[in-house]
Amino acid sequence: MTKVLPLIEKIPQTILGFLESSPSCWSSSLSKTTQAHAHLLKSGAQNDGYISAKLIASYSNYSCFDDANLILQSIPDPNVYSFSSLIYALTKAKLYSQSLGVFSRMFSRGLIPDTHVLPNLFKVCAELSAFRAGRQIHCVSCALGLDGDGFVQGSLFHMYMRCGKMGDARKVFDRMRERDVVTCSALLCGYARKGCLEEVVRVLSEMESEGIEPNVVSWNGILSGFNRSGYHKEAVEMFQKMHHLGFLPDEVAVSSVLPSVGDSERLDLGRQVHGYVVKQGLLKDKCVISAMIDMYGKSGRVYGIIKLFEEFEVMETGVCNACITGLSRNGLVDKALEMFELFKEQKMELNVVSWTSTIAGCAQNGKDIEALELFREMQVAGVKPNRVTIPSMLPACGNIAALVHGRSAHAFAVRIHLLDDVHVGSALIDMYAKCGRINMSQVVFDMMPTKNLVCWNSLMSGYSMHGKAKEVMSIFESLVRTRLKPDFISFTSLLSACSQVGLTDEGWRYFGMMTDEYGIKPRLEHYSCMVSLLGRAGKLQEAYDMIQEMPLEPDSCVWGALLNSCRLQNNVELAEIAAEKLFGLEPENPGNYVLLSNIYAAKGMWEEVDSIRNKMEGLGMKKNPGCSWIQVKNKVYTLLAGDKSHPQIDQITEKMDEISKEMRKSGHLPNLDFALQDVEEQEQEQILWGHSEKLAVVFGLLNTPEGTPLQVIKNLRICGDCHSVIKFISGYAGREIFVRDTNRFHHFKDGVCSCGDFW
DNA sequence: GTAGGGTTAG
């Protein structure tokens, strides 16, 4: 200071006074700061650490960080205060990374942080979830002996909490001399978020012995902590405990616990809470109403939803959103859409949740085209899709193989930096796989910075859908080497892949490994896979034995797997047994009748074929209308079996005739076993040619450039005749053709199908 | 100069 004093003497009192005044006075004007700056530059006083610090603080106060930084860099000897003014201002302006950068410059100059900078730095680390940096700075503060300071401890505790490091947070907490209810509440909430019920209880009793009374915020923090992390049982338990201890839950408590009540299927408790809410007069709170609607929706009580909605007088976005979700959750997607339209008409303010809920409702209930249309419409309406919207709409793209829409959603996700989100990533992997682009699934997977089990499972199920068993197994091996544990879904993909390509030994090995090494009890879907696996290997009797010995009651999937295996192996006896079971389990499903009839037909048992047809007629049952989708030039086209009203029907028929002639020339005859109609042979052939997958493929041939791949989805299992025709077309027309039926992909190329004719 | 609680979308 002594060296500087003469300099300060040269500075006019007005400027010195301005710089030394408190920040609240600086707001007078930025021009005063620039004036001061100019003067200081002239006098050379700017180089003084103390003066420059004041100047930096002053510029920072006006968010002129560039000027502040410039000064910091131009002075030869900045002090801690020079740096910390900038750090403080940057942190306040939420420019966290920059703040950390300034600190590292300060530290590398050998300047020692003090108890004023440290809390700022810990706040920065908390906001950035920069645990490693935070811990390093913690070490520095210990080495400097500053970790006993109250402010340092408080911010350090907060930093560890925000990074989810409960162990470290607890250690800091234990060293604190004074603990108030605010800090304790934060600790309680942190433990609840981790699902640590025991720790929550322990902290509560510690508080009691220290004479710190938990308040309503403490309790609500516990409830919301458990609820947010999916610890429903614990949330409910603590809610009851709170009530038991005489704390009256307020509107925050009620809206925090209700989602958990709904998820833990405790309608009884939900009704009790409803009664309490009425008694306490909390029904005017919008969050309480939304949460209550959500709870009734999760419990399947549509009437409860409607009643609450009608009773609530104000039209409130959150309440409406909860209604939309509740209705679609219970399959009433049309009603939900109706409501959504009504909200639009009434010029209600629809937010991103409103749009996303409606889109998700559509995609989950077979309204895929509507979902894509809504996604477009929301952007036109100026509502920006977010990290939830994208994974809600992507399944719709996958369902109907709308690759163009899926790709543009991918591009959108890249633009708004969503690729590090596991939900977005998994949904993209699934979408690309279902659109026949398994290579893109792999690319998305490889580029994800962090992956959870859902990502791995999506990739495995994608390859499995494509019949690529080797890939599924090698991904599984890689998965095992991570810290993640495979679950029952991982094994479903593995077993399904093995069964598709006939890897019997591997299938058995994984089936055993699932229980022995991972303690996962086989579910119905695993048994279905095993039945298919054995069936494909021709071991039908073993498959039947397995069904009879399995500890679960076999469902339609298991018997369906057996029936399909019987079709592959031409086994009528077991087919009849399986079919009888299926007729009992799914009396409404015509597919089972058709399958059995195909088996009879293949054996030339025409009387039995007739009797099945009569049975179906007697039950008033019709074959499910076959339906296929194909995307041509950004538009998805739907083709129905036997649809003669199609605008391009003449061209389609002409092309089909051409293909038919070519096929006969090369010795292919139509397989009439799949016709299932009591008509003349020629007519039967025409019926076969009217199958939707053939129509879609031919439609694709006509409307896309030569040589480009075609992609078709079918709502039923692909028929055997279509399979051979499409194989032929792939060679004859020189096209790669992907057909996705109900459970897998057929990749036709050069006259061969990837399934090896087993499906 | 640090520090606590809510609903509805995957």
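In what follows, every chain begins at residue 1, and chains take the letters A, B, ... in the order their sequences are listed.
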Let's see if you get this right: which residues in residues 379-386 of chain A place a heavy atom under 4.0 Å from DNA chain B? A:Asn386

Where along residues 306-326 of chain A does a heavy atom come under 4.0 Å from DNA chain B, residue by residue in number order? A:Gly318, A:Asn321, A:Thr325

Donor-acceptor pair between A:Ser260 and A:Asp263 side chains, under 3.5 angstrom: no

Categorize A:Phe122 for me: base, sugar-phosphate, or nothing, with a 4.0 angstrom heavy-atom threshold over every strand shown. nothing

Where chain A begins and ends its contact with DNA chain B, read 5' to 3' at 4.0 Å from heavy atoms: B:dG1 to B:dG10

Give a yes or no on this: more than 12 heavy atoms of other residues, nucleotides or ligands lie within 6.0 Å of atom CD of A:Glu377. yes

Would you give me the side-chain donor-acceptor pairs under 3.5 Å for residues 87-98 of chain A, sequence neighbours excluded?
residue : atom : partner : partner atom : Å
A:Thr91 : OG1  : A:Ile87 : O            : 2.6
A:Thr91 : OG1  : A:Ser99 : OG           : 3.0

Counting neighbours of CD on A:Glu313 that are heavy atoms of other residues, nucleotides or ligands and sit closer than 6.0 Å, is the number greater than 12? no

Contacting residues from residues 238-261 of chain A, given that a heavy atom lies under 4.0 angstrom of DNA chain B: A:Asp250, A:Glu251, A:Val252, A:Ser255, A:Ser256, A:Pro259

Exam field: side chain A:Asn330 to backbone A:Gly297, donor-acceptor pair closer than 3.5 Å: yes

Exercise answer: donor-acceptor pairs, residues 357-374 of chain A side-chain atoms, under 3.5 Å, sequence neighbours excluded:
residue  : atom : partner  : partner atom : Å
A:Ser357 : OG   : A:Val353 : O            : 2.4
A:Thr358 : OG1  : A:Ser354 : O            : 2.7
A:Asn365 : ND2  : A:Ser328 : O            : 3.4
A:Asn365 : ND2  : A:Gly361 : O            : 2.8
A:Lys367 : NZ   : A:Asp334 : OD1          : 3.3
A:Asp368 : OD1  : A:Asn399 : ND2          : 2.8
A:Glu373 : OE2  : A:Arg376 : NH2          : 3.0

For a quick check of understanding: with a heavy-atom distance under 4.0 Å over all strands, which category does A:Val152 fall into, base, sugar-phosphate or nothing? nothing

Contact list please: residues 418-432 of chain A against DNA chain B, heavy atoms, distance less than 4.0 Å, in numerical order. A:Asp421, A:His423

Going through the distances and angles, do A:Glu311 and A:Lys307 end up as a salt bridge (Lys or Arg N to Asp or Glu O under 4.0 Å)? CA-CA 6 Å; A:Glu311 278 170 10; A:Lys307 196 157 174 283; 3.1 Å; yes

Considering residues at least two apart in sequence or located in another chain, which fulfil the salt bridge (Lys or Arg N to Asp or Glu O under 4.0 Å) criterion with A:Arg228? none

Distance-only donor-acceptor hits, side chain of residues 447-455 of chain A, under 3.5 Å, sequence neighbours excluded:
residue  : atom : partner  : partner atom : Å
A:Lys451 : NZ   : A:Met448 : O            : 3.3
A:Asn452 : OD1  : A:Val454 : N            : 3.1
A:Asn452 : OD1  : A:Cys455 : N            : 3.1

For a quick check of understanding: with a heavy-atom distance under 4.0 Å over all strands, which category does A:Ser185 fall into, base, sugar-phosphate or nothing? base

What pairs with A:Glu210 under side chain to side chain donor-acceptor pair (under 3.5 Å), at least two apart in sequence or on another chain? A:Arg179

Residues two or more places apart in sequence or in another chain: which of them pass salt bridge (Lys or Arg N to Asp or Glu O under 4.0 Å) with A:Glu178? none

Salt bridge A:Arg170-A:Glu206, side-chain N to carboxylate O under 4.0 Å: yes

Considering every strand and a 4.0 Å limit on heavy-atom distances, what is the contact class for A:Arg162: base, sugar-phosphate, or nothing? nothing

Could you tell me which residues satisfy salt bridge (Lys or Arg N to Asp or Glu O under 4.0 Å) with A:Arg162, sequence neighbours excluded, listed by chain and number? A:Glu127

Would you please say whether a donor-acceptor pair under 3.5 Å links the side chains of A:His243 and A:Tyr276? no

Reckon A:Thr115 touches a base, only the sugar-phosphate, or nothing at all at heavy-atom distances under 4.0 Å? base

Under 4.0 Å between a Lys/Arg side-chain N and an Asp/Glu carboxylate O for A:Asp294 and A:Arg329? yes

